[in-house]
Protein chains: 2
Amino acid sequence: MNNFSLSDFDSLPLSDRDRLLFDQSNTRLTVKKKSKLLNQGDVCPEIYFLRSGLVKLCYHTLDGKEYIKSFIKEGGMFGSLNSVLNNAGSTFSAIALEDSIVDAVAYTRLLNLLSKYPQLHTASLNFFQQLALKKEMREYELLCLSAQQRYEKFCREEAALMHRIKQTDLASYLGITPVALSRMKNKSQILI
Amino acid sequence: MNNFSLSDFDSLPLSDRDRLLFDQSNTRLTVKKKSKLLNQGDVCPEIYFLRSGLVKLCYHTLDGKEYIKSFIKEGGMFGSLNSVLNNAGSTFSAIALEDSIVDAVAYTRLLNLLSKYPQLHTASLNFFQQLALKKEMREYELLCLSAQQRYEKFCREEAALMHRIKQTDLASYLGITPVALSRMKNKSQILI
DNA sequence: GAAAGTCATTAACCGAGGTTAACAAAGTGA
DNA sequence: TCACTTTGTTAACCTCGGTTAATGACTTTC
């Protein structure tokens, strides 16, 4: 997720005019912890680049449950594929878990640049490839691993995130309840 | 998955030399039901276009269990992202569920064409976008829906596939055991 | 610093799905 | 055709995780 960012654009030899347009079309937002950046159901044609902070992307079901798709750390980016590609409502919400700074860029703006600067093609192709790869990994975990195994994997691979995330949110990411996670931690070898 | 195929190449104004190269680098395989097209763990730098038949993509775990990632119908394509992008072993196997005809093309061949024919860039970008979108949908199902709900969704959306797929394979796709699926069918309103 | 909210833990109970096994039905092959 | 394998069904039992609720430790907020 981190190998395509605004810095790809920063390093581009844009014309002065394009540079100006791009910088202008770039909105920097400062958001408070708990505030919503993106609301499930809304059409949101923007791509967000997270400068600092932490954001969760989550589904909300009719019966009020929340399932976390993924966590976005500083340096990461996100946006609603369904909005951007199909002009439809976002399938998920984005909520800040910490006070955060994000840059929002309209996807059409990116597309404009894409058509003008062929160098970007590789970057965007690369981005979607990596996105597909990442999603494939998540699919694998959800399909093949037990909750316990997913927990242990997360502890290993995202150790740095552990202390920034509420147990409730971790449980929701793993697809279990906070109660189940609490029970599991006791039985597990890997603690905290 | 079906909006990018060899026909994208067929309709391209390739030079005679490129056309020849492309057609030559294109291997048509006829495979028997149950045979393996792609072996989990092997590095496989090819993309497969399924002309006819049915293929399952599946993970095999150490304890001998099989989990089905997805089914590929005629017209669909598949390949190991992990091989093609990272030059690493495939995370899954591909096994024919029916006698099938597939065309195999080396990914490097596609990349060559990509660099020569900018029109293909849009097609390949589009392909990876749709792949990401499809994976996102599957992620949603696995994270948010119960086995019962996934079963009913599959019945609705893939009705045509139902009679071509063994119940064991469907169960494996849903992430449950055949026994559980058999039980579920009884309680469910939607039969067969 | 008291009141109100938020989180993690624990216990009791329940249900969905896993496991094993036995059996029936349907393919498959010499 | 007759054995053999592969599939689907059903039952008995068990485990994991969901649900609810009570409790205590924290933060916030005024």
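Throughout, protein chains are lettered first and strands after them, A, B, ... in sequence-line order, and every chain is numbered starting at 1. For clarity, every value in this text was computed on a predicted model and none was experimentally measured.
Residue A:Leu143 contributes atom CG, which lies 15 Å from atom P of C:dG17 at whole-angstrom precision. Rounded to an integer number of Å, the gap from B:His163 NE2 to D:dG8 C1' is 18 Å. The NZ-C1' distance, from A:Lys185 to C:dT10, rounds to 13 Å in whole Å. In this structure, B:Lys166 places its NZ atom 7 Å from C1' of D:dT7, rounding to the nearest Å. In this structure, B:Tyr151 places its OH atom 13 Å from P of C:dG17, rounding to the nearest Å. The separation between A:Gln149 atom CD and D:dG17 atom C1' is 15 Å, rounded to whole Å. If you take CE of B:Met162 and P of D:dT7, they are 17 Å apart, rounded to a whole angstrom. As rounded to whole Å, 17 Å separates atom P of D:dC16 from atom CG of A:Leu174.
Every residue was checked against the side-chain hydrogen bond (donor to acceptor under 3.5 Å, both in side chains) condition with A:Asn112, not counting sequence neighbours, and none meets it.
Judged as a ring-ring contact (aromatic ring centres under 6.0 Å, His included), the pairs with a partner in residues 158-181 of chain B (not counting sequence neighbours) are, in order, B:Phe71-B:Tyr173, B:Phe154-B:Tyr173.
Between D:dT9 and B:Gln167, a contact under 4.0 Å exists linking OP1 or OP2 to a side-chain N or O. Side-chain N/O atoms of A:Gln148 include none lying less than 4.0 angstrom from OP1 or OP2 on D:dG17. Remark: A:Thr168 is in phosphate contact with C:dA8, judged by side-chain N or O atoms under 4.0 Å from OP1 or OP2.
Taking NE2 from B:His60 and OG from B:Ser93, the interatomic distance works out to 4.5 Å, rounded to the nearest 0.5 Å.
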Sequence-aligned protein contact record of nucleotides 18-30 of chain D, with B where the base is within under 4.0 Å of a protein heavy atom and S where only the sugar-phosphate is: BBB----------
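Comparing atom distances between the A:Met184 side chain and each of C:dG17, D:dG17, D:dT9 picks out D:dG17 as nearest.
Ion pairing between a basic and an acidic side chain is recognised when a charged N comes within 4.0 Å of a carboxylate O; B:Glu158 and B:Lys73 show such pairing.
Distance alone, capped at 3.5 Å, is enough to place a donor-acceptor pair between the A:Ser100 side chain and the A:Leu54 backbone.
Ring centroids of B:Phe78 and B:Tyr48 are separated by less than 6.0 Å, placing the two rings close together.
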Evaluation steps, salt bridge (Lys or Arg N to Asp or Glu O under 4.0 Å), between B:Glu139 and A:Lys69: CA-CA 8 Å; B:Glu139 178 189 272; A:Lys69 243 170 80 71; 3.5 Å; yes
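B:Ser182 comes within 4.0 angstrom of a base, heavy atoms only.
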